[in-house]
Amino acid sequence: MNIVLGITGGIAAYKAPDLVRRLRERDADVQIVMTASAEEFVTETALQAVSGRPIRSNLWDKEAERAMSHIELARWADLVLIAPATAEVMARLVSGAAPDLLSTICLATEAPIAIAPAMNHVMWNNQATQANRATLEERGIRILGPGVGSQACGETGAGRMLEPDAIAAAAFDIAGSQDERLLDGKKVVITAGPTREPIDPVRYITNRSSGKMGYAMARAAAAQGAEVVLVSGPVNLEEPAGVEVTHVGTAHEMYEATHTAIENADIFIAAAAVADYRPADIKEQKIKKTEESMRIDLVRCPDILASVAALEAGPYTVGFAAETEKVDDYAKGKLRKKKLDMIIANRVGDDCGFDRDDNTVSVFWSDGEERFPQAQKALLARDLIALVAHRYYAVRGADSKDNVIAIH
Ligand code: CTP
C-alpha cells in the first residue's frame, strides 16, 4: 500500500510521526509531503526517521523531481491522506488551486483522497469551512473526523484531529476497498464492548471486553460501503468515521437499541460481551459494609443475539464466541443452539483475546469453516467482513455480487 501523507500547518502535526508509525505497522509505504507551514510544527528530521524516505515539500526541488516527479508521485499513491488538514488546505482543495506540491498531487492523482481536519472549533463550524467540507464530501473526498474534545487553544469543541491509530485504520480501509465495495447498499448492525449492570448507584458488574474487535468490524463494514449502526457498551475508543454509534450501558439497553436499529438490517454481528446475568434488584442507596459476607442475587439478561436470530425474515446473523477452552466445540454448539448463520470463535485468557490489538479466530457456519491466523484486529476485521459478505450473498443470494466469489 503506497500512501502519500500530506502534512499541513496545524498544531496536530506533532502527532504526524506517530501516524506514520501506525501506517508503517500496517505495511504501508509512506511518502511524506509537507507544506511550508507544517515545518513550523514538526521537523523534517523526525519525519524522515520514521518514514524512511526523504521528505518532499518543494514543487521546484529539481533533484527530488528527477528521482520521482510530482506526477509520478500522484500515480504511485494508492491513497493521498492529509493529516492534519487545516481549513486552508480544505479551501484550496475546493478551489482547485495548486500553488504547492501537496495540492498539485491532489489534482493530479486518481487515487482516493482522505483528510483528517484539525482546527479550532469555531473555525471548523464556520460556514465557509462547512460549505467546503460538504463540497469535498460530494466530490468523494473522505473526511475523517474531526473528533470532539479539549483543544490546544484551551477551548472545547469539534475540531480535534482523530487519534493516529483511528486515522491509520480508516485510511487503510479506504485504500484497501477501492475495487470491491462488497456491502454497498446493505445495512449492518453491530454490537460491541462490555455492558455494565448496576448493583447500586456506585457499583456495577462488567467484564474485560475493550470493544476493539467490534469497532474494527464496524470500520471494515463501513469501508465496504455498508450503512453501519454500532450499538456500543462503555468503551474507551474513538468513534469510527462514517458509522452511526448508539451508546448504551446495560444489556437491557443494548437489547432495546439493537432491536430499534435492526429494522431493514441485512446483517447483524454480535461482537459485544453482554452480561449473562444482572443483579435482581438495584439498590437505590450505596450498600454499606455491615455484614461479614453478602450475596447478590442475579437474574438472566436477555440474549440479544438469540433474539435477533429468532426474528422472522431477520438479518444474516453472526455471533462471537469467546472461550477459555474447547473453543471449536463450544462455538459450534452456540451456532446450533442460537440458530446462527455464522459464529466467529476465539480463545480468551491472560495472553490473548481481550484488550489486545491482535487476535486469532476460527469461523464456523453450517457446512464450512475457515481459520484466520494471528493478525492485527483491523486487518482481521477486513477479512472477516469479506467472509461475512461472501457467505451472506451465498445464502441470501438474490442480488449476489459477482466480485465476491473472487475473494474466497
Ligand atoms: N450475546 C448476546 N446477548 C447476551 C449474551 C451473549 O447477544 N445476553 C452474544 C454475544 O455478543 C456473542 C454471543 O452471544 O456474540 C456469545 O456470547 P457468550 O456469552 O459467549 O455465549 P453464551 O451463549 O452466553 O454462553 P456462555 O456464557 O455459557 O459461554
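Indexing begins at 1, ligand by ligand and atom by atom, following the structure's order. Position 1 is the first residue of the sequence; numbering continues from there. Quick caveat: nothing in here was measured; it's all calculated off a predicted structure.
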Identify the heavy atoms of Met254 and Pro194 that sit nearest to each other, and give their distance.
CE-O, 4.4 Å

Which pair of heavy atoms, one from Val308 and one from Pro315, lies closest together, and at what distance?
CG1-CG, 3.8 Å

Roughly how far, to the nearest 0.5 Å, is the CG atom of Leu102 from the NE2 atom of His70?
12.5 Å

Protein residue, atom and distance nearest to atom 18 (P) of ligand 1, heavy-atom basis:
Lys334 NZ, 3.5 Å

CD of Glu370 to OG of Ser362: how many Å apart, nearest 0.5 Å?
10.0 Å

Could you work out, for atom 8 (N) of ligand 1, the closest of Cys301, Ser209, Pro302 by heavy-atom distance?
Pro302

Suppose I only count heavy atoms of Ala270 and a 4.0 Å limit; which atoms of ligand 1 are within that range?
11 (O), 12 (C), 15 (O)

Would you call Lys338 a ligand 1 contact, heavy-atom distance under 4.0 Å?
yes

Hey, which atoms in ligand 1 end up nearer than 4.0 Å to a heavy atom of Gly319?
15 (O)

Look only at the side chain of Arg24 and the backbone of Ser51, and say whether a donor-acceptor pair between them is shorter than 3.5 Å.
yes

Identify each donor-acceptor pair in which a side-chain atom of residues 234-247 lies under 3.5 Å from a protein atom, sequence neighbours left out, and give them as a table.
unit_1 : atom_1 : unit_2 : atom_2 : d
Glu238 : OE1    : Glu163 : N      : 3.4
Glu239 : OE2    : His247 : NE2    : 2.9

For ligand 1, is Ala272 a contact, meaning one of its heavy atoms is under 4.0 Å away?
yes

So which protein heavy atom does atom 7 (O) of ligand 1 come closest to, and at what separation?
Leu305 N, 2.8 Å

N/O of Asp276 under 3.5 Å from N/O of ligand 1, yes or no?
yes

for atom 3 (N) of ligand 1, nearest protein heavy atom and its distance come out as Ile304 N, 3.0 Å

Is the count of non-hydrogen atoms from other residues, nucleotides or ligands lying under 6.0 Å from Arg139 atom CZ greater than 12?
yes

Does atom 23 (O) of ligand 1 have any protein heavy atom closer than 4.0 Å?
yes

N/O donor-acceptor pair under 3.5 Å between Asp173 side chain and Ala223 backbone:
no

Which of parallel (below 30°), tilted (30 to 60°) and perpendicular (above 60°) describes His259 and Tyr255?
tilted

Any idea which protein heavy atom is nearest atom 4 (C) of ligand 1, and the distance to it?
Val274 CB, 3.4 Å

Ligand 1 atoms in contact with Phe320 (distance to a heavy atom under 4.0 Å):
12 (C), 13 (C), 15 (O), 16 (C), 17 (O)

Could a heavy atom of Ala275 be found less than 4.0 Å from some atom of ligand 1?
yes

